[in-house]
A.B. asks: 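Sharing a structure with you now.
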Amino acid sequence: MPRIRVRPASVKDAPAIARVHIQAWREAYAGLLSDSYLASLDEAERAEKWSRILSEPTSNVVVAESAGAFSGDVEPGGAVMGWASSKQLADSDAVAAREINGIYILAAHYGSGAGQLLLDAVAGNGSALLWLMDGNARAEAFYVRNGFRRDGEAYDREMGDRAVQIVRMVRSAVPRGAHPGARDARESLGLE
């Protein structure tokens with residue numbers, strides 16, 4: 001199994017994150033979204049969006065890299081295989097402390113452990129919620145293995161020429177020791 005490193009993303013990572021974002025959507029959502037919609041996703045436009053996000057001081061985005069990319073500076077389009085982002089929920093009525101905005105891995109790296117490392121880095125052992133496209137069975141199975149459950153909240157969204165249902169999944173805080181490494185991952189990345 002390849003060595004994987006997870007680290008905080010920087011603005012220099014925007015092109016690589018955009019590339020992974022679009023390719024991962026095309027791989028994960030084939031059959032759920034139309035081919036024409038997935039083909040229309042624009043990498044340059046997405047890279048500009050990621051540059052803006054990563055420029056914000058409150059940005060909480062991490063990337064997973066394969067062993068060959070550990071040389072220091074990141075080259076655009078380098079060995080980034082996945083990314084994840086989350087945010088702290090400030091609402092005292094929120095059902096969780098953090099919202100996971102996204103975790104995407106290239107299909108070539110499914111089963112590598114990168115997804116778990118990314119989840120641990122952005123959510124730790126704390127309570128968390130996320131929104132998932134209904135029908136994305138692989139992603140849902142991953143989140144269920146990590147203690148997430150559908151809570152009945154959902155909404156419909158137009159994506160291209162299709163209406164899809166987006167469902168919420170929620171996880172309670174995981175007791176210390178029940179999932180070793182999760183809090184340590186957030187702390188070592190300076191996210192706690």
Side-chain angles (χ1 to χ4, degrees), residues 2 4 6-56 58-66 68-69 74-87 89 98-112 114-119 121-123 128-144 146 148 150 153-169:
I4 299 165
V6 173
R7 63 171 175 76
S10 74
V11 174
K12 290 190 280 185
D13 293 309
I17 293 171
R19 178 185 53 79
V20 169
H21 196 169
I22 288 174
Q23 185 61 36
W25 267 48
R26 289 175 177 157
E27 294 166 348
Y29 301 143
L32 297 174
L33 298 175
S34 71
D35 291 343
S36 62
Y37 177 72
L38 292 171
S40 74
L41 298 174
D42 183 270
E43 196 171 311
E45 183 179 294
R46 193 64 55 108
E48 285 178 30
K49 178 181 175 185
W50 277 109
S51 289
R52 285 191 305 274
I53 291 168
L54 294 166
S55 296
E56 296 172 8
T58 58
S59 171
N60 183 30
V61 182
V62 296
V63 294
E65 300 175 308
S66 59
V74 175
E75 295 298 322
V80 172
M81 66 173 67
W83 62 268
S85 67
S86 70
K87 65 181 176 186
L89 295 174
R98 297 197 76 73
E99 179 174 357
I100 298 169
N101 304 106
I103 298 178
Y104 288 97
I105 303 288
L106 296 174
H109 300 286
Y110 288 171
S112 69
Q116 189 65 58
L117 292 170
L118 289 168
L119 175 63
V122 297
L129 67 85
L130 58 92
W131 295 91
L132 175 83
M133 187 182 305
D134 194 28
N136 188 350
R138 181 179 190 89
E140 186 164 2
F142 169 77
Y143 291 121
V144 166
N146 281 280
F148 288 84
R150 289 184 184 216
E153 292 293 319
Y155 66 92
D156 293 326
R157 179 176 173 188
E158 293 291 324
M159 297 185 79
D161 59 355
R162 295 202 182 155
V164 296
Q165 186 172 61
I166 309 296
V167 298
R168 187 168 73 180
M169 297 185 77

A.B. asks: For Ala121 and Val6, which heavy atoms make the closest approach, and how far apart are they?
C.D. replies: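 Heavy atoms only, the tightest pair is CB-CG1, 3.8 Å.
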
A.B. asks: Does Glu153 have any side-chain contact (heavy atoms from CB on, under 4.5 Å) partners at least two apart in sequence or in another chain, and if so, which?
C.D. replies: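 Checked Glu153 against side-chain contact (heavy atoms from CB on, under 4.5 Å); matches are Trp131, Asp151, Arg168.
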
A.B. asks: Should Ile103 and Leu130 count as side-chain neighbours, where that means a heavy-atom distance under 4.5 Å?
C.D. replies: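 They are not in contact (no side-chain heavy atoms under 4.5 Å apart), so the answer is no.
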
A.B. asks: For Leu41 and Arg46, work out which heavy atoms get closest and say how close.
C.D. replies: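 In this case the closest contact between Leu41 and Arg46 is CD2-NH2, 3.8 Å.
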
A.B. asks: Can you tell me how far the OG atom of Ser85 sits from the CG atom of Leu118, to the nearest 0.5 Å?
C.D. replies: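 So the gap between those two atoms works out to 10.0 Å.
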
A.B. asks: Minimum heavy-atom separation for Asp13 and Pro8, please, with both atom names.
C.D. replies: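 The pair with the smallest heavy-atom distance is OD2-O, 4.4 Å.
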
A.B. asks: For residues 154-164, which residue pairs qualify under salt bridge (Lys or Arg N to Asp or Glu O under 4.0 Å), counting only residues two or more places apart or in two chains?
C.D. replies: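 Qualifying pairs, neighbours excluded: none.
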
A.B. asks: Minimum heavy-atom separation for Val122 to Ala84, with atom names?
C.D. replies: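 Where Val122 meets Ala84 most closely, the heavy atoms are CG1-CB, 3.8 Å.
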
A.B. asks: Heavy atoms, side chains only, cut-off 4.5 Å: are Val164 and Leu32 in contact?
C.D. replies: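 No. Closest side-chain heavy atoms not under 4.5 Å.
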
A.B. asks: Given side chains that start at C-beta, do those of Val61 and Trp50 come closer than 4.5 Å, heavy atoms only?
C.D. replies: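 Yes, close enough: below the 4.5 Å cut-off.
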
A.B. asks: Could you list the donor-acceptor pairs under 3.5 angstrom formed between side-chain atoms of residues 136-143 and any protein atom two or more places apart in sequence or on another chain?
C.D. replies:
from   : atom 1 : to     : atom 2 : distance (Å)
Asn136 : OD1    : Ala139 : N      : 3.4
Glu140 : OE1    : Arg150 : NH2    : 2.9
Glu140 : OE2    : Arg150 : NE     : 2.8

A.B. asks: Under the rule for ring pair (Phe, Tyr, Trp, His ring centres under 6.0 Å), what residues qualify as partners of Tyr29, not counting sequence neighbours?
C.D. replies: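 In terms of ring pair (Phe, Tyr, Trp, His ring centres under 6.0 Å), with neighbours along the sequence ignored, Tyr29 is linked to Trp25.
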
A.B. asks: Please check: side-chain N/O of Arg98 versus main-chain N/O of Ala128, any donor-acceptor pairing under 3.5 Å?
C.D. replies: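 No, Arg98 side chain to Ala128 backbone: no donor-acceptor pair under 3.5 Å.
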
A.B. asks: Does atom CG of Asp42 have more than 12 heavy-atom neighbours, drawn from other residues, nucleotides or ligands, at distances under 6.0 Å?
C.D. replies: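 For Asp42, atom CG is crowded (more than 12 foreign heavy atoms under 6.0 Å).
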
A.B. asks: Please name all residues satisfying side-chain contact (heavy atoms from CB on, under 4.5 Å) with Ala24, sequence neighbours left out, ordered by chain then number.
C.D. replies: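 side-chain contact (heavy atoms from CB on, under 4.5 Å) check on Ala24 returns Tyr104.
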
A.B. asks: Does Arg7 use its side chain to pair, donor to acceptor, with the backbone of Glu65 at less than 3.5 Å?
C.D. replies: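 Between the backbone of Glu65 and the side chain of Arg7 there is no qualifying donor-acceptor contact (under 3.5 Å).
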
A.B. asks: Run the side-chain contact (heavy atoms from CB on, under 4.5 Å) test on Leu54 and Ile17 for me, step by step, so that the C-alpha distance in whole Å, both residues' side-chain angles and the decisive distance to 0.1 Å come before the verdict.
C.D. replies: CA-CA 10 Å; Leu54 294 166; Ile17 293 171; 3.9 Å; yes

A.B. asks: Shortest non-hydrogen contact from Ala39 to Arg26?
C.D. replies: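 For Ala39 versus Arg26, the nearest heavy atoms are O-NH2, 3.3 Å.
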
A.B. asks: Is there a side-chain contact between Glu27 and Leu106 in this structure, where contact means two heavy atoms from C-beta onward sitting under 4.5 Å apart?
C.D. replies: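 SC-SC contact between Glu27 and Leu106 confirmed.
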
A.B. asks: Using side chain to side chain contact (heavy atoms under 4.5 Å, CB included) as the criterion, point out the one residue from Leu132, Leu129, Leu119 that pairs with Ile100.
C.D. replies: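 Exactly one pass, corresponding to Leu119.
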
A.B. asks: Write down the atom of Ala64, the atom of Ile4, and the distance for their closest heavy-atom approach.
C.D. replies: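 Taking every non-hydrogen atom into account, CB-CG2, 4.0 Å.
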
A.B. asks: Quick one: list whatever passes side-chain contact (heavy atoms from CB on, under 4.5 Å) with Ala30, sequence neighbours left out.
C.D. replies: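 Ala30: no side-chain contact (heavy atoms from CB on, under 4.5 Å) contacts found.
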
A.B. asks: What distance separates Leu38 CG from Gln23 CD, expressed to the nearest 0.5 Å?
C.D. replies: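 So the gap between those two atoms works out to 10.0 Å.
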
A.B. asks: Using atom types as modelled and distance alone, determine if a side-chain donor or acceptor of Ser51 lies under 3.5 Å from a backbone N or O of Ala14.
C.D. replies: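 Looks like no, no N/O pair under 3.5 Å.
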
A.B. asks: Just wondering, do Lys49 and Arg52 contact through their side chains at under 4.5 Å, heavy atoms?
C.D. replies: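 Arg52 vs Lys49: side chains touch.
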
